[in-house]
Protein chains: 2
Amino acid sequence: MEKSFSRFSVHALAATKRFAKLGLACSAILSLLFSLFAFPVNAAPADTVPQWGVYEIELKGPTNENPFLDVQLSAVFGNGSKNVDVPGFYDGDGIYRIRFMPDTQGHWQYETKANRWELTGKTGGFTAVPPDKGNHGPVRVHNTYHFAYADGTPYVEIGTTIYNWLDTPEELQEETLQTLAASPFNKARMLLTPQPTAYKKNFPPPRWPFVGTPPHDWDLTRFNPEYFRHYEQRLGQLRDLGIEADLILFNPYGKWGFEKMDAAGDERYVRYVVARFSSYRNVWWSLANEWDFLRVKTEADWDRLGSLVQQCDPYNHLRSIHNGSMFYDQSKPWVTHASIQNGVAVQSAASAEMYRDVWCKPVVYDEVKYEGDGKVRWANLSGPEMVHRFWCGTIGGTYVGHGDYFTSVEEDTWTSFGGKLRGESAPRLAFLRKILEAGPADGLDPIDKWNDPDTAGQAGEYYLTYFGKETPTNWVFQLYKRGVTDGMKFKVDVIDTWNMTITPVPGEFVTKKKDNYYFVDAQDRSVPLPGKPGMALRVTYVSGGSGNADANAFIDPNLPANQKAKPH
Amino acid sequence: MEKSFSRFSVHALAATKRFAKLGLACSAILSLLFSLFAFPVNAAPADTVPQWGVYEIELKGPTNENPFLDVQLSAVFGNGSKNVDVPGFYDGDGIYRIRFMPDTQGHWQYETKANRWELTGKTGGFTAVPPDKGNHGPVRVHNTYHFAYADGTPYVEIGTTIYNWLDTPEELQEETLQTLAASPFNKARMLLTPQPTAYKKNFPPPRWPFVGTPPHDWDLTRFNPEYFRHYEQRLGQLRDLGIEADLILFNPYGKWGFEKMDAAGDERYVRYVVARFSSYRNVWWSLANEWDFLRVKTEADWDRLGSLVQQCDPYNHLRSIHNGSMFYDQSKPWVTHASIQNGVAVQSAASAEMYRDVWCKPVVYDEVKYEGDGKVRWANLSGPEMVHRFWCGTIGGTYVGHGDYFTSVEEDTWTSFGGKLRGESAPRLAFLRKILEAGPADGLDPIDKWNDPDTAGQAGEYYLTYFGKETPTNWVFQLYKRGVTDGMKFKVDVIDTWNMTITPVPGEFVTKKKDNYYFVDAQDRSVPLPGKPGMALRVTYVSGGSGNADANAFIDPNLPANQKAKPH
């Protein structure tokens, strides 16, 4: 497929599959050195795989009984300095697979463990080679509130929502991929199980995750491998586009009964999904959408399921749980970041910031209402309002998710089924992403918390001020003292967030201490502004200064230095 | 003293002391029936005490060794259905006391326990009689986010801050009480230990909590009873004015070393203070002001100290811990309500509400910056801005604290030392309190969370909408569907929050369903508004309606009923 956007352009899974065929003989020989058993694979693993690529072991095994239920399979991968337990899974037709994503380069060996003779004690090895361009590894939490890829490359989340794009005709799925490729989005939020309504009212889900017949006649002990293989194909395509897949394991919308399984069923489902998908480096686990609307599960169930994902995912992918109107306790250890629904919170940077202080984790406002045509009030944002909310979240030191919900036939929207974007926000979000990717690697944090909520950055280096719906005609150059000394030179750009222009202000600004709190320009310069909403300023350090900036200001931003020991 | 404000006008401690003398003979006789020991009291306890008043046992005991350190004393009070363990304390000069606040009426008996013969095994009893007018008992959490007195009377917190009003000349303390009596404030936030700076630079703290010499020559194993007796006198006077005392046990400002005691010292201090003060029904425990600026204690220390207060206070008074720039985990079980510093949070009702969803406890914004003359930026609020923040907090379903910080001599402000109020907000806060006390007993909660953050109340009964800095000239009568049916009649008042006027809108408004979300007036009436900031509306149910209101709307305010099972 064509990619007109995104610098993340690897085809690792495809590459892995090519290597898989070439590596057959080599691996088989190595394997014989370690094993007394015949090596009954019909497609042997690759001998080299890129770091954070997928190494796959394929084994032939039993088809009697219920392989999903009765066969336990895993492998231990070791590189001499650590061992990783990796769960395997049954892929149908007597084929069992174990997939491994190496997080370090060099030689890895493995040995399988199973409760069946045909599957246990298989050994082999491969070499993890440097990653291809655009493969930065999985996304991790970075600098408490932010994200970065495993190789250290910053990840600036600009997410979208396409809940059931895989429940549509194949050509629509291809169109969705094309739309994504041309879009700014580097995360897609999607359900793992089918949507209750049919696409355009006449295209029911083409595949089902379990064996059986819709709506309710399922054998919940037997997965449908074809469903998951198709999902994997799309996961790999998203990965190759540089798009993280925020996979929603459970949701309250289904009418098929998948959300009402018993505890054993939930556990089988989670283990199967994690075993299949976790080697895809672009996977994030979203335990639920609107968890509190799914009344058949208790908070204790979610504690258990969240911890289960944490325990059985060898790679510690990001994990979250998304609220309806009530929050799950985001401070629980298994939650890596807060995935929040609250559109009001991102109507100002000041409020967007508030949850950061509570949880000390990244906050992603995954649902802030959608850009849409207003038939329902959770989908009635104008393009400018959607863009405004992204900027507010950004300046609050958080991240925001997009939705596009323009209805012609019921539910035939981007956010339900993919296809084409119809809103106006996406190009402006691309513009925002470009700005952020050129910004500080440690992300944007409040500079002067609770005093100047409209400015974020890294003190002394970089400042982004967003005026929101205010319409100033002038901004007096002024920086909070943290990280600033006399004589520092800064350049200033005026940013129009809607018209997507960045206009440099001529000359440089030189800092001069004004009072206990602030530095201004030595010549008291200010910056003219056009008096319209949606404007921003970028202030970037150029050179100069003594380096003796007030580090204490970080500790207690409310207090001047001479007031530190007073009640306030 | 004169009281020109407050309906809470009891003099219970004074009453108790009168009874104490009268009850001497009676109690002594009863006591002999239960005890083989002589009854060595020199002032016997009262035979009747009001419910939530103070019953005090006074005992003569040893003066050798260190009575604060070596003598353990407590009593078990029982009324036949429950027993309460009550700690005692040494009050100097060979006098030991145990104070008990009965929470139910009827007969109570006690027996003392001690590790000294002179103090142990003393028995007696008294009758708790109905409380005097204005005595509603201690304040408790009510309806998750709100407060009520133990007798069920709603408590609408309008707090102020007078950190060290007891470190001043007695006449200034009396003036402070007079100011409070004429003020709207029903909570005062105050430090338990002296302020580091002297009042008007020339009046050092007149008393010290420990025996020794300032600044650092203290015997931290010996308390100074006179310090605490004076504090108790003022606590009682606050109680009699209907003012809750939010006592700050530790703070980061002191230069006397009281905040740097070892763990054993901290525990002795907490136990002594709780033993002395907890029978005052108006006590709240604030473990610390700006806990995170007190660098000598760890989070584990606070966990321990908070739990210690919870464990040794027989009455379960409200407990909190107030932040500087970093939050303590307010979800810990010992924390009864969140005591928050964050002025930005109450710049809109939408943001004020946000922490409620996280902690599901009452949120009190005890510091939102102070009304003041702006020499420091945490004390530069105008009167209108202070009042605005109270209204935002109120409509967010939370509570706000006041400060008044106009400096002539350094630190001679109301908020540091009491005296007179110099700001303009207090009368407007009295106006607000009057409105709230006439409002729903269950407090104000968001009506249509995250959609209409500027309205709070109780659905179908009472709505308070605050327009803040917006300047509308008209409000179309419209209510969210929760609790509303066709044909309900409401009356509307226009409120000017600064000029303190309540103007009824002529006639009644009758509800008519408009769409999936809202009801409007049957005649599409609207309410004219004066186009200035600080306006509010009160909508109160009068009569009518079918009673078949949409209860589900409570569950999922974002969704119309026919969209309940769709991802959004």
Side-chain angles (χ1 to χ4, degrees), chain A residues 161 163-164 191 195-197 248 251-255 289-290 293 323-327 329-331 341-345 347-348 350-351 353-355 357-360 367 369-370 376-379 403 405 411 415-416 449-451 453 516-517 555-560 563-568, chain B residues 161 163-164 191 195-197 248 251-255 289-290 293 323-327 329-331 341-345 347-348 350-351 353-355 357-360 367 369-370 376-379 403 405 411 415-416 449-451 453 516-517 555-560 563-568:
Chain A
T161 313
Y163 285 118
N164 284 85
L191 301 186
Q195 165 89 342
T197 51
I248 300 168
N251 70 69
Y253 323 112
K255 57 184 185 188
N289 214 41
E290 302 188 325
F293 296 162
N323 64 290
S325 66
M326 195 171 91
F327 290 139
D329 180 358
Q330 306 285 332
S331 64
Q341 172 173 189
N342 182 350
V344 166
Q347 286 183 289
S348 75
S351 48
E353 189 270 343
M354 288 175 63
Y355 296 139
D357 292 323
V358 176
W359 296 312
C360 298
E367 187 177 339
K369 301 191 173 183
Y370 308 135
V376 283
R377 65 180 189 168
W378 43 265
Y405 205 92
E411 290 274 20
T415 281
S416 292
K449 192 171 83 164
W450 301 342
N451 285 289
N516 251 332
Y517 298 113
I555 293 162
D556 181 2
N558 287 323
L559 284 178
Q563 292 279 340
K564 284 234 178 292
K566 307 269 177 73
H568 75 285
Chain B
T161 313
Y163 285 118
N164 285 86
L191 301 187
Q195 165 90 343
T197 51
I248 299 168
N251 69 72
Y253 322 113
K255 58 184 183 188
N289 213 41
E290 302 190 323
F293 295 163
N323 65 290
S325 66
M326 197 171 91
F327 291 138
D329 180 357
Q330 306 286 332
S331 64
Q341 173 173 187
N342 183 348
V344 167
Q347 287 184 287
S348 74
S351 48
E353 189 272 342
M354 288 174 64
Y355 296 139
D357 292 324
V358 176
W359 296 311
C360 298
E367 187 175 339
K369 301 192 173 182
Y370 307 136
V376 286
R377 66 181 187 165
W378 42 265
Y405 205 91
E411 291 274 17
T415 281
S416 292
K449 193 170 84 165
W450 302 341
N451 286 289
N516 250 333
Y517 298 113
I555 293 162
D556 181 2
N558 287 323
L559 284 178
Q563 293 279 340
K564 283 233 180 293
K566 308 268 178 70
H568 72 286

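By convention in this document, chain letters (A, B, ...) are assigned in the order of the sequence lines, proteins followed by strands, and residues within each chain are numbered from 1. This one's a predicted model, so the numbers in the text were calculated from it and none came from an experiment.
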Handout entry: Atom pair CH2/CD of W450(A) and Q341(B) - distance to nearest 0.5 Å
Key =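 Going from the CH2 atom of W450(A) to the CD atom of Q341(B) covers 6.0 Å.
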Exercise for the section: Calculate, to the nearest 0.5 Å, the distance between atoms CE and CG belonging to M354(B) and D357(A) respectively. Expected result: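 The CE atom of M354(B) sits 10.0 Å away from the CG atom of D357(A).
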Problem - Contact origin within N342(A) toward chain B - heavy atom pairs under 4.5 Å - result: both
Handout entry: Any side-chain heavy-atom pair of E353(B) and V344(A) under 4.5 Å
Key = no
Exercise for the section: Mind checking side chain to side chain donor-acceptor pair (under 3.5 Å) for S351(A) and listing every partner two or more places apart, or none if nothing turns up? Expected result: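 For S351(A), the residues satisfying side chain to side chain donor-acceptor pair (under 3.5 Å) (neighbours in sequence not counted) are S348(A).
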Exercise for the section: Quick one: closest heavy-atom pair of V358(B) and W359(A), and the distance? Expected result: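 Smallest heavy-atom distance, with atoms named: CG2-CZ2, 3.7 Å.
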